[in-house]
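In what follows, chains carry the letters A, B, and so on, assigned in the order in which the sequence lines appear, proteins first and then strands, with residues in each chain numbered from 1. This is a predicted model, so every value here is computed, not measured.
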Amino acid sequence: MAKTAEYNFKTIETHWQNYWEEAKTFHAVTDSKRAKYWILDMFPYPSGAGLHVGHIEGYTATDILGRYKKAQGFNVLHPMGWDAFGLPAEQHAIATGLHPAINTKNNVDNFRRQMKRVGLGIDWEREINTTDPEYFRWTQWIFLQLFKHGLAYVDQKPVWWCPKLGTVLANEEVIDGKSERGHYPVERKALRQWVLKITAYGDKLLKGLEHLDWPDATKRQQKLWIGRSEGGLVKFNLEQGQSLEVFTTRPDTLLGVSFIALAPEHPLLKCIVTEDQQKAVSDYITQVASKSDLERTDLAKGKSGVFTGSYALHPITQERIPIWVADYVLMYHGTGAVMGVPAHDSRDYEFAQMYHLPIKQVIASNDDSTLPFCKTDGTLVNSQKFTGLTCEAANKAILTELESLGCGKTMVQYKLHDWLFSRQRYWGEPFPIVWVKKSDYAKLLACKDSPFREFLPEEAISYSEGNETFCAVPLTSQHLPLELPKVSSYKPAEGSTTPLQNAEKTWLNVRLNIHTGELCPEDGTTSEGWISGMRETNTMPQWAGSCWYYLRYLSPHYKQNFVAKEDVAYWGTPDLYVGGAEHAVLHLLYARFWHNFLFDLGLLPTNEPFRKLFHPGIILGPDGNKMSKSLGNVVNPNEVMDEYGADSLRLYEMFLGPLEASKPWNLQNVEGVFRFLKKVWREYINLDGEISAKIQAGFHDTPAFEQLLHETISKVTEAIENLRFNTAIAQLMIFMNGFQKEATVSLDSAKKFLQLLAPFAPHIAEELWSRLGENASIIEASWPKFDPNKCVRSELKIVVQVNGKVRDEIYVNADTEKNAILEAAKQAPKAARYLQSSTIVKEIYVPGKLVNFVVKP
RNA sequence: GCUUGAGUGGUGAAAUUGGCAAACACGCCAGACUUAGGAUCUGGUGCCGCGAGGUUUAAGGGUUCGAGUCCCUUCUCAAGCACCA
């Protein structure tokens with residue numbers, strides 16, 4: 001390349017980006033002899049809008065760390081991929097008729113090009129894409145493992161349905177009664193859906209959190225989301241014979257029960273409402289049903305309810321307890337019924353007051369017993385033989401009593417629900433499942449060596465329609481990947497719910513040979529060993545592919561398994577995971593679930609995927625609001641790169657503020673970092689395009705400059721380790737200001753500075769490095785070593801305070817004794833003025849820093 | 001409402017265990033070099049005051065020789081949760 005005199009970032013940046021690609025600078029190879037460092041970014045959804053400034057913030061941060069670790073001698077793995085299934089590509093397909101794969105490929109190409117333009121040191125040979133059949137082959141395979149082990153099932157319970165998106169959503173995807181994507185209203189609807197039994201991992205997911213180096217807020221959020229609560233299940237017999245169960249965390253308050261409240265959706269209501277209450281109850285249920293869930297859970301409104309006319313019998317006292325229906329009881333939590341203890345639960349108290357139900361205090365405390373008394377640090381009163389026990393003791397005693405009466409047991413309840421795992425979309429992984437009639441399933445069960453037994457669960461997964469029961473047959477490894485069929489439309493047809501039902505009949509209806517494992521389109525013929533079935537037409541949610549993508553980076557081309565044993569043995573799990581906090585109870589929970597599960601199968605060496613997690617803050621629009629199209633405050637990073645270059649963009653984003661802070665985009669500051677880079681260039685390259693004469697090989701730097709260099713090495717190193725890139729850049733600027741003031745600087749120091757700069761502004765660093773005569777990439781050179789001896793000062797500055805106020809400063813030799821320093825401090829002219837007419841009552845000396853005289857007038 | 005964070009110049013922000021508040025940068029002011037400056041360099045820039053000096057980390061109180069940092073109260077903002085029995 002021509003050695004220009006100007007800082008021509010365009011030429012430089014293109015040149016070094018090509019160099020890294022050709023030299024495979026960032027290609028990582030499994031090498032058990034070297035220490036590894038694996039940095040993981042949350043992979044992006046390749047949207048049509050291209051890379052935005054938030055992506056660049058996180059990816060630059062990890063790139064800086066990766067380049068730094070590489071210079072430190074680590075075998076660094078910094079891969080990238082695409083979370084490419086999802087709604088926008090599908091909507092684009094609906095609008096244009098173009099297959100989503102085409103749109104996805106264009107977007108991916110654009111994202112990759114932009115990432116290269118930012119200068120990210122990515123190992124592109126490990127690029128993965130969740131929509132690649134060779135990738136989702138293993139997503140489907142892991143699903144089948146879950147299926148085989150009884151962790152995937154179908155259910156008809158009411159689920160969140162979003163009419164606008166035309167699909168069901170998981171609990172975690174519903175925020176304040178609206179869809180996470182698009183903020184559309186959702187409603188409850190009963191549909192047959194696939195569900196993953198994440199609750200089976202509730203305890204493991206909770207316990208596993210303890211040892212993770214994650215932001216506290218994120219751990220707390222997951223903990224609350226899992227919402228483990230211990231308590232008891234209490235059975236109340238009804239007067240007329242049936243029984244109902246309630247879950248309670250407070251068995252100690254059992255003797256204070258004065259009513260029972262059922263959720264309006266509770267199935268028992270159909271048969272227990274007495275005749276004279278029939279109309280009131282049904283009117284009430286209709287009224288509640290017309291409200292959205294949001295309205296129902298709105299705290300601003302009071303509680304309401306209606307008496308059913310029926311009574312339950314208290315399991316211990318045999319008292320008659322009225323049964324009510326009340327909207328504050330939620331069907332989807334616990335048993336959908338609660339025991340009302342007004343004296344010790346604020347909601348029950350409010351309800352009892354409103355309907356004049358008895359309030360029986362059964363717990364009292366010495367210092368405060370105003371009702372409702374909801375704390376658990378009291379003792380029991382009015383509770384027969386349990387009176388006098390502490391709450392804790394009573395919880396156990398009452399549960400034991402209930403158990404012996406056969407109407408109670410201890411129980412752990414989770415707020416976490418099983419994970420709704422199917423979507424009514426086209427652009428997702430098809431389920432490798434075929435539904436067959438129960439009678440045909442029996443044939444399969446009878447065939448002991450059927451290939452279809454590979455993923456067959458112990459208990460059949462089935463659903464009924466009319467008089468027929470259908471059972472789920474898992475495809476075998478041989479059938480994977482099950483690719484998406486061509487469809488006539490990406491929208492569900494009238495009367496159907498899924499787009500895949502638009503596929504050819506030859507895809508939808510198939511025949512299986514239970515002996516050979518063969519699978520072919522249905523042709524209406526029957527012969528021995530063949531059974532007929534229908535494909536599952538739901539697809540998996542976008543979270544599926546992101547549940548295990550990080551593992552695929554380790555063996556992206558491996559055919560025999562989702563990851564190669566030797567690769568995962570070497571790389572383990574990421575040393576650092578960087579990505580947005582918005583996935584706290586979505587991706588970060590789901591991926592932990594899958595990883596824990598795969599660990600339990602013995603397929604992974606560790607149970608937790610992400611030991612260390614960091615959330616970069618959101619970059620806000622210039623107006624301080626979240627960037628959004630509707631506010632028109634979305635900024636385009638390309639414009640900055642056009643005008644100032646990628647190195648400036650990187651420095652700018654890192655210099656905006658602490659990485660974890662939300663901070664507004666403030667383009668004025670880009671000038672500062674651009675000037676800094678121009679200054680670096682000018683100091684190294686003279687007007688003829690040659691190395692500046694100021695940089696001299698073999699020159700001995702002044703001690704002060706050497707000290708500045710080593711302070712800079714120390715501060716930059718520490719700042720990178722702690723991801724405090726803004727302060728690292730400030731220190732680089734301080735160094736450069738000092739550099740500028742020197743008449744001559746050693747070649748050695750000039751090189752060391754470039755090495756410190758290289759992770760942040762890699763293009764200019766590489767360019768100057770090579771102009772200084774180096775042949776290899778700057779990142780191959782080992783990171784400068786900090787020498788504390790260079791920073792030892794012979795003279796110390798001691799601040800002199802009087803009564804805590806700074807009055808003067810003195811300079812002393814580093815080896816001066818304490819008493820001599822105190823004496824010198826007293827002599828300091830400005831300080832002496834304040835000491836003259838007073839008596840010193842105390843002298844404080846902080847070694848090497850300050851002296852404080854406490855005086856009295 | 002509950003939980004958890006945070007609040008420092010005109011702006012983005014710095015500040016090891018409590019030890020010189022405002023580093024670095026933007027902006028602004030003045031100057032130098034220039035035909036020119038959106039290039040570059042030099043100096044200044046928290047607030048009050050001509051000055052000596054005083055004063056300042058949301059507000060108030062406390063602990064301490066000493067508090068941006070620790071404790072208490074209040075206010076504001078952000079995030080999360082929101083009838084979870």
Quiz item: What is the distance, rounded to the nearest whole Å, between atom CG of A:Asp216 and atom P of B:G80?
Solution: 17 Å
Quiz item: Parallel, tilted or perpendicular for A:Phe753 and A:Phe676, by the 30°/60° rule?
Solution: perpendicular
Self-check item: Each stem that RNA chain B is part of, given as range with range (3 or more consecutive Watson-Crick or G-U pairs, under 3.5 Å)
Solution: B:1-7 with B:75-81, B:10-12 with B:24-26, B:27-32 with B:40-45, B:46-48 with B:53-55, B:58-62 with B:70-74
Quiz prompt | Phosphate contact (B:G12 OP1 or OP2) by A:Asn726 side-chain N/O below 4.0 Å | solution = no
Exercise. Rounded to the nearest angstrom, tell me the gap between atom NE2 in A:His615 and atom P in B:U4.
Key: 18 Å
Quiz item: Between B:G53, B:A13, B:C20, which nucleotide gets closest to the side-chain atoms of A:Arg833?
Solution: B:G53
Quiz item: Just wondering, do A:Leu209 and A:Leu205 contact through their side chains at under 4.5 Å, heavy atoms?
Solution: no
Quiz item: Within 45° of the ring axis of A:Tyr328 and under 6.0 Å from its six-membered ring centre, is that where the NZ or CZ of A:Lys303 lies?
Solution: yes
Quiz item: Is any side-chain N or O of A:Lys415 closer than 4.0 Å to OP1 or OP2 of B:A82?
Solution: yes
Practice problem: Ignoring the backbone of A:Arg682, work out which of B:A13, B:U40, B:A15 is nearest its side chain. | Solution: B:U40
Quiz item: With under 30° as parallel and over 60° as perpendicular, where do the rings of A:Phe351 and A:Tyr355 fit, or are they tilted in between?
Solution: tilted
Quiz item: Would you say B:A85 has OP1 or OP2 under 4.0 Å from some side-chain N or O of A:Ser229?
Solution: yes
Self-check item: Between B:C65 (P) and A:Asn852 (CG): distance, integer Å
Solution: 10 Å
Practice problem: Ignoring backbone atoms, test whether A:Arg724 places a side-chain nitrogen or oxygen under 4.0 Å from the OP1 or OP2 oxygen of B:A15. | Solution: yes
Self-check item: Atom pair distance, as rounded to whole Å: CZ in A:Phe676 and P in B:C24
Solution: 13 Å
Exercise. Give the rounded distance in Å between these two atoms: CG of A:Leu620 and C1' of B:A79.
Key: 13 Å
Exercise. Answer yes or no: does a side-chain N or O of A:Arg807 lie under 4.0 Å from OP1 or OP2 of B:G66?
Key: no
Self-check item: Residue from A:Phe674, A:Phe725, A:Tyr644, A:Phe760 passing side-chain contact (heavy atoms from CB on, under 4.5 Å) with A:Leu651
Solution: A:Phe760
Practice problem: Assign A:Ile844 to base, sugar-phosphate, or nothing according to its heavy-atom contacts below 4.0 angstrom with the strands shown. | Solution: base
Quiz item: Within less than 4.0 Å of OP1 or OP2 of B:C65, is there a side-chain N or O belonging to A:Lys842?
Solution: yes
Quiz item: Taking CZ from A:Phe236 and C1' from B:A85, how many angstroms apart are they, rounded to a whole number?
Solution: 12 Å
Exercise. Using a strict 4.0 Å threshold on nitrogen-to-oxygen distance, state whether A:Lys826 and A:Glu823 make a salt bridge.
Key: yes
Practice problem: Go along nucleotides 25-38 of chain B 5' to 3' and tag each nucleotide: B for a protein heavy atom under 4.0 Å from its base, S when only backbone or sugar atoms are that close, - otherwise. | Solution: SSS----------B
Quiz item: Whole Å only: how far is the CD1 atom of A:Ile729 from the P atom of B:A14?
Solution: 12 Å
Exercise. Mind telling me if B:G27 is syn or anti? Syn here is a glycosidic angle within 90° of 0.
Key: anti
Quiz item: Starting at the 5' end of RNA chain B, which residue's closest nucleotide do you reach first, A:Ile175 or A:Asn803?
Solution: A:Asn803
Quiz item: Quick one: on RNA chain B, does A:Lys678 or A:Val799 contact a more 5' nucleotide (nearest heavy atom)?
Solution: A:Val799
Quiz item: Cation-pi between A:Arg188 and A:Tyr332: NZ/CZ under 6.0 Å from ring centre and within 45° of the ring axis?
Solution: yes
Exercise. State whether the distance check finds a donor on one side and an acceptor on the other, under 3.5 Å, for side chain A:Lys303 versus base B:C83.
Key: yes
Quiz item: Separation of A:Gln801 atom CD from B:U64 atom P, in whole Å?
Solution: 17 Å
